Amino acid sequence: MSDAPISAGEQPGRWVAVCARERLTQHRIVCATIAGVGLLVVADGDQVHACERACPHEQADLSLGRVADGRLYCPRHLAWFDLTDGHISPGWPSRALRRYPVRIAEGHVWVDAGAL
Ligand code: FES
C-alpha cells in the first residue's frame with residue numbers, strides 16, 4: 001500500500017476510488033465492484049488490503065467473514081487467507097486469494113483496476 005497521491009502521469013482510469021477511507025474506521029470489510037468484478041477492501045489495523053470477494057475454495061462470500069491478525073477468515077469452512085500474500089491456511093486444496101494493489105489518497109481508498 002502506498003500513501004502517494006495519484007499522479008496525473010499515471011495511466012488514466014487505472015486507479016479507481018472505491019470508498020472513503022473513513023468507512024474503514026466503522027467497517028473492517030467494505031464491498032466494492034469495479035467493472036463487474038466484486039472485491040473487498042479490508043482493514044487490518046493500519047493496513048488496508050484489497051482482494052477478490054468470492055472465496056477461491058468454494059466461492060463463499062468473504063464479506064461475511066472476519067479479519068484478525070493479518071488474516072481473512074472464510075465464513076463457510078473457516079479456512080483463512082494471509083492478507084499480505086493471499087496464501088490459504090495449510091491443508092486446503094485451493095489457490096491463493098487474488099489481491100489487488102491499493103492506495104490511500106485524497107481521503108479515499110483506490111484500487112488498481114488494471115490488476116483485475
Ligand atoms: S468456501 Fe471458503 S474455505 Fe471453503
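Counting convention: from 1, in listed order, for ligands and their atoms alike. What you see is a predicted model; the values in this text were computed from it and never measured.
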Verify side-chain contact (heavy atoms from CB on, under 4.5 Å) between L97 and E52, making sure each step is shown before the conclusion.
CA-CA 7 Å; L97 185 69; E52 63 186 323; 3.4 Å; yes
Which atom of H57 is nearest atom 4 (Fe) of ligand 1, counting N, O or S only? It is ND1
With heavy atoms of C55 as the reference, note each atom of ligand 1 found under 4.0 Å away.
1 (S), 2 (Fe), 3 (S)
Are the side chains of P56 and I88 in contact, using a 4.5 Å heavy-atom criterion?
no
When I29 is tested against each of L64, D44, L24, V67 for side chain to side chain contact (heavy atoms under 4.5 Å, CB included), which residue passes?
V67
For W80, does its backbone N or O pair with a side-chain atom of S89 as donor and acceptor, under 3.5 Å?
yes
Got P75 and L62 here, is their nearest side-chain heavy-atom distance under 4.5 Å?
yes
Hey, which atoms in ligand 1 end up nearer than 4.0 Å to a heavy atom of C74?
1 (S), 2 (Fe), 3 (S)
Here the atoms of ligand 1 under 4.0 Å from any heavy atom belonging to A79 are 3 (S)
Please state whether the separation between atom 2 (Fe) of ligand 1 and some N/O/S atom of H77 is under 2.8 Å?
no
